[in-house]
Participant: 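The structure that follows is given in the form of structure tokens.
As a basis for the values below, the full set of heavy atoms in this structure was taken, side chains included, without hydrogen atoms, waters or symmetry mates. Note on naming: letters A, B, ... go to the chains in the order of the sequence lines (proteins, then strands), and numbering restarts at 1 for each one.
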There are 2 protein chains.
Amino acid sequence: MNAINLNAEVDELKIKILDAAKERFQVYGYGKTTMAEIAKDVNMSAANLYRYFENKQDIALECSDRCMSERLTLIREAVCQAGSSAAERLRTLVLASLRTNLDEFEKSPKINELIELVSKNHTALVKDKVQAQCAIIAEILAFGNETGEFEVADIIKTSRTVHASLVLFDFPLFDGFFSREEFETMANNVVDLLVNGLRKN
Amino acid sequence: MNAINLNAEVDELKIKILDAAKERFQVYGYGKTTMAEIAKDVNMSAANLYRYFENKQDIALECSDRCMSERLTLIREAVCQAGSSAAERLRTLVLASLRTNLDEFEKSPKINELIELVSKNHTALVKDKVQAQCAIIAEILAFGNETGEFEVADIIKTSRTVHASLVLFDFPLFDGFFSREEFETMANNVVDLLVNGLRKN
DNA sequence: TTCCTGAATATTCAATAAAATATTTAGCAT
DNA sequence: ATGCTAAATATTTTATTGAATATTCAGGAA
């Protein structure tokens, strides 16, 4: 057994652990799932989990990280499949983000415990998420510049600006305040306004 | 003593109570101020407070309501005094809101306890606040239409859209995440983008 | 009546101890 | 060595209860 195989197996096991943890976190919440339970799900002792992760929070962290990445991949795909105009792509991005947020919250409200934990103790992860979202926006802006739809001078700066305008739809913080329908209407209206502002004069 | 005078005196006393409560809430927080203390501040028994307010939360609620109104008045004034263009007015609105949020948080972090309490238990108050903010935005939009700077068809709808884009600067929810400077830069950029989108083509 | 208070009661907070759980350690099996 | 576990220890939750505080009540003064 060489080093490469070893690492591959370790990674595989880590993923198995993360999947088990995710399932527990979603159903019972972070606080109510024990290391012993996660361990049992993957047929090992609780002690052995520490050969793969620093501690319980670390599991939550990597779990969230994976969730966010998966979500981001889905969103990125949706955007690429979206129609040919940059405006449509931006709209797809916003609506996909919004829906993912709302769906996730609806499906498992326990997930909020995780989100709170992570955004409290691992600001870096949230910043990464923002960064990734801005990167997608930047791509859309560049695309808009190419098609002549937009006229954006500083793409990086503008991607941050656009993201700041869209915060309401990208963060699951205002979930109770508006209905899904209200959220979607607002999202569409904001996109319209932004597109108008980005448009070539 | 007629009914009108009676009510006036009651109102006066209510305000005295609210002022005392506000001072306590700001310095010690909601949880750490007792009804007995508030009562003592205005020279009455704790029991007597209940002739003026339903309960402690009700005091907090009316207190927050007054704070928000005062803040809104200040912001409204700042906007009116702002230069002659609608764009400048919008910028003034956003920066004033942002600064008030950041200042308040910096001055008395205890105030967050109140905000959390109120937004958890009295959604209506928050909605009122949003509504009031939208009203100011609507005025600015109407003004922009008059000066020919903007071309906004549905002012009410657009005021909500603009407000949604500005949520990051109007709610004290992301306080730790960015520095004051970063916030202000973002606010300015978002205003620029929105103004561009609202502009007459 | 109207406005108030002191005392009674109900509720919430805070300190502690007990139990559950996270994490570390020592050592077994391969 | 590597991969694991059981048991030991440290930390965190949970339960309990006494104290503090909110709220209500009965009645006194103007």
Participant: At a heavy-atom distance below 4.0 Å, what parts of residues 41-49 of chain B sit against DNA chain C?
Facilitator: B:Met44, B:Ser45, B:Ala47, B:Asn48
Participant: Measure from NZ on A:Lys14 to P on D:dG3 and round the result to the nearest Å.
Facilitator: 14 Å
Participant: Over how many whole Å does the gap from A:Gln57 atom CD to D:dT11 atom C1' extend?
Facilitator: 13 Å
Participant: So is B:Lys56 actually on top of B:Tyr30's ring, under 6.0 Å and inside 45° of the axis?
Facilitator: yes
Participant: Give, ordered by number, those residues of residues 18-30 of chain A having at least one heavy-atom distance below 4.0 Å to an atom of DNA chain C; if nothing qualifies, reply none.
Facilitator: none
Participant: So, applying side chain to side chain contact (heavy atoms under 4.5 Å, CB included) with B:Leu198, which one of B:Thr161, B:Ile140, B:Thr158 is it?
Facilitator: B:Thr158
Participant: Rounded to the nearest Å, what distance is computed from the NZ atom of residue A:Lys56 to the P atom of nucleotide D:dT12?
Facilitator: 12 Å
Participant: Nearest-Å distance, NZ (A:Lys40) to P (D:dT5)?
Facilitator: 14 Å
Participant: With distance as the sole criterion, is a donor-acceptor pair present between the side chains of B:Glu181 and B:Ser179 under 3.5 Å?
Facilitator: no
Participant: For B:Phe174 and A:Phe171, I'd like to know if the aromatic rings sit close, meaning centre-to-centre distance below 6.0 Å.
Facilitator: yes
Participant: Send over the distance from A:Asp11 CG to D:dG3 P, rounded to a whole Å.
Facilitator: 13 Å
Participant: Do the side chain of B:Asn101 and the main chain of B:Asp170 share a donor and acceptor less than 3.5 angstrom apart?
Facilitator: yes
Participant: Could you tell me if A:Lys14 sits above the aromatic ring of A:Phe53, with its cationic atom closer than 6.0 Å to the ring centre and no more than 45 degrees from the axis?
Facilitator: yes
Participant: Within the distance-only criterion (no hydrogens, no angle test), does the side chain of A:Lys127 pair as donor or acceptor with the backbone N or O of B:Phe177 below 3.5 angstrom?
Facilitator: yes
Participant: Below 3.5 Å is the cut-off: list the nitrogen or oxygen pairs between protein and nucleotides 10-20 of chain C, distance only.
Facilitator:
from, atom 1, to, atom 2, distance (Å)
C:dA14, OP1, B:Lys32, NZ, 2.9

Participant: Give B:Tyr52 one of three labels, base, sugar-phosphate or nothing, depending on what nucleic acid heavy atoms sit under 4.0 Å from its own.
Facilitator: sugar-phosphate
Participant: Rounded to the nearest 0.5 Å, how far apart are NZ of B:Lys40 and OG1 of B:Thr34?
Facilitator: 9.5 Å
Participant: Taking CE from A:Met35 and P from D:dT5, how many angstroms apart are they, rounded to a whole number?
Facilitator: 13 Å
Participant: Within 45 degrees of the ring normal and closer than 6.0 Å to the centroid, is that where the cationic atom of A:Arg199 sits relative to A:Phe150?
Facilitator: no
Participant: Over how many whole Å does the gap from B:Ile17 atom CD1 to C:dC3 atom P extend?
Facilitator: 13 Å
Participant: Can you tell me how far CD1 of B:Ile111 sits from CD of B:Glu116, rounded to the nearest 0.5 angstrom?
Facilitator: 12.5 Å
Participant: Starting at atom CZ of B:Arg51, determine the distance to atom P of C:dT5, rounded to an integer number of angstrom.
Facilitator: 10 Å
Participant: Out of curiosity, B:Arg99 CZ to B:Glu104 CD, how far, rounded to the nearest 0.5 Å?
Facilitator: 15.5 Å
